[in-house]
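Please read all numbers here as calculations on a predicted model, not as lab measurements. Order of appearance sets the numbers: ligands from 1, and atoms from 1 within every ligand.
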Amino acid sequence: MSYPSEARVDTAAIRHNIAVLREHAGGVPLMAAVKADAYGHGLVPCAKVCVEAGAARLGTAFIEEALALRAGGVTAPVLSWIISSDDRLDDALLADVELSAGTVRLLDDIAAAARRTGRTARVHLKVDTGISRGGAPAARWPELVDRALAVQAEGTVEIVGIWSHMACADIPGHPSIEVQVQRFDEAVTLAEKAGACGSHVIRHLANSAATLTLPQTRYDMVRSGIAVYGLSPIPELGDFGLRPAMTLVTRITMAKRVPAGTGVSYGHMYVTDRETTLGQVPLGYADGVPRHGSGLLEVLAAGRRRRVAGRVCMDQFMIDVGDDPLSEGDEVILFGPGTNGEPTAQEWADALGTITHEIVTGIGARVRRVYV
Ligand SMILES: *Cc1c(COP(=O)(O)O)cnc(C)c1O
């Protein structure tokens with residue numbers, strides 16, 4: 001036993017969620033986003049479960065993450081999409097990692113890496129249809145397509161995909177949704193006319209929210225992240241039958257009786273109003289329990305929900321269980337699927353004014369990932 005805390009990852013839940021997503025995808029293949037350590041769930045083990053469950057491809061933000069997949073023995077197709085010219089492009093090509101390019105400059109750098117390594121670079125051309133992050137704006141799209149055709153003709157690059165990313169797919173009815181679909185169609189049409197969008201080229205646009213609610217965004221593949229891990233991309237529309245995969249568990253490291261009027265944790269934000277039992281929970285903001293959750297977040301301990309008593313510290317926080325029995329070693333569930341009365345990551349996100357992505361990706365390296 002090293003650290004006392006575990007993120008238990010329910011691999012059956014991930015399989016179930018992939019099945020739910022594939023059903024919504026209406027027959028087109030699914031790319032599972034496994035960036036950020038599979039949203040905190042553990043990169044390689046989760047990637048393997050996703051592939052076994054039928055994900056056709058994996059997606060990472062960075063080449064480094066894709067190389068970690070390869071080092072872990074994952075052979076499925078992988079696309080990385082936040083790439084810079086000084087990146088490990090050669091290593092990516094040698095490891096059969098597909099790369100996104102949204103600028104002529106990056107495309108040229110990728111082609112140069114292909115010449116150096118003798119590998120054909122498999123590239124997904126990215127068009128910005130309205131999120132204004134990576135991706136060529138409409139005005140630069142024709143030159144990106146032309147340059148891609150030129151390096152494809154010389155044999156260094158193969159155009160594998162044309163893609164874009166949604167800005168507001170999680171806001172039902174947002175006017176930008178149809179605008180993005182229309183712009184994507186226009187970009188695809190331009191590429192088709194130029195001869196850069198043959199029948200083998202994969203067009204992809206949808207994230208989890210779009211996969212579950214916007215069938216017009218499916219094209220040839222959907223890319224899902226948060227829903228793979230069982231968290232709803234649009235909580236106000238419900239859970240879509242998804243099952244949260246992560247349960248964050250730890251053990252009480254100390255329990256003690258204290259008198260009324262005892263100030264608890266930094267700043268004495270919490271003062272006991274009676275003689276009571278305090279429990280020390282060995283997880284803090286360095287582990288992904290946000291300090292904003294001081295006096296706010298709930299956990300399940302000694303059979304009931306307990307609110308964090310006072311400040312969340314770097315490595316720990318306290319709970320007040322009153323006169324209920326509590327001992328060192330007792331289990332504390334911070335969040336999970338909610339089936340045993342514990343809070344959900346969604347409840348934490350709601351309490352903190354954020355989204356579940358930030359909760360699960362925030363779980364730190366001192367928390368062991370265990371697969372059940
Ligand atoms: C993270 C990401 C996804 C997955 O998004 P979810 O909302 O988690 O489904 C898809 N595409 C890109 C480009 C991403 O960065």
Passes side-chain contact (heavy atoms from CB on, under 4.5 Å), Phe335 versus Thr356? Steps please.
CA-CA 11 Å; Phe335 60 78; Thr356 53; over 6 Å; no
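At distances below 3.5 Å, at least one donor-acceptor pair connects side-chain atoms of Ser232 with backbone N or O atoms of Gly238. With hydrogens and angles ignored, the 3.5 Å screen pairs no side-chain donor or acceptor of Thr277 with any backbone N or O of Val321.
Considering backbone and side-chain N/O atoms, Ala33 never comes within less than 3.5 Å of an N/O atom of ligand 1.
With distances taken over non-hydrogen atoms, the option nearest atom 14 (C) of ligand 1 out of Lys35, Lys126, His204, Arg223 is Lys35.
The protein heavy-atom contact nearest to atom 9 (O) of ligand 1 is Ser208 OG, 2.5 Å. Annotation: atom 5 (O) of ligand 1 to nearest protein heavy atom, Tyr39 OH, 3.5 Å. Here the protein heavy atom with the shortest distance to atom 12 (C) of ligand 1 is His165 CE1, 3.4 Å.
Using a 4.0 Å cutoff on heavy atoms, His357 counts as a contact of ligand 1.
For ligand 1, the atoms lying closer than 4.0 Å to a non-hydrogen atom of Ile226 are 6 (P), 8 (O), 9 (O).
The side chain of Trp163, and not its backbone, has at least one atom closer than 4.0 Å to an atom of ligand 1 (non-hydrogen atoms only; side chain from C-beta on).
Checked for salt-bridge contact, Asp320 and Arg274 meet the test: a charged N lies under 4.0 Å from a carboxylate O. A salt bridge does not link Glu342 to Arg8: none of the charged side-chain nitrogens sits closer than 4.0 Å to a carboxylate oxygen.
The 12-atom threshold is not exceeded at CZ of Arg22, counting heavy atoms of other residues, nucleotides or ligands nearer than 6.0 Å.
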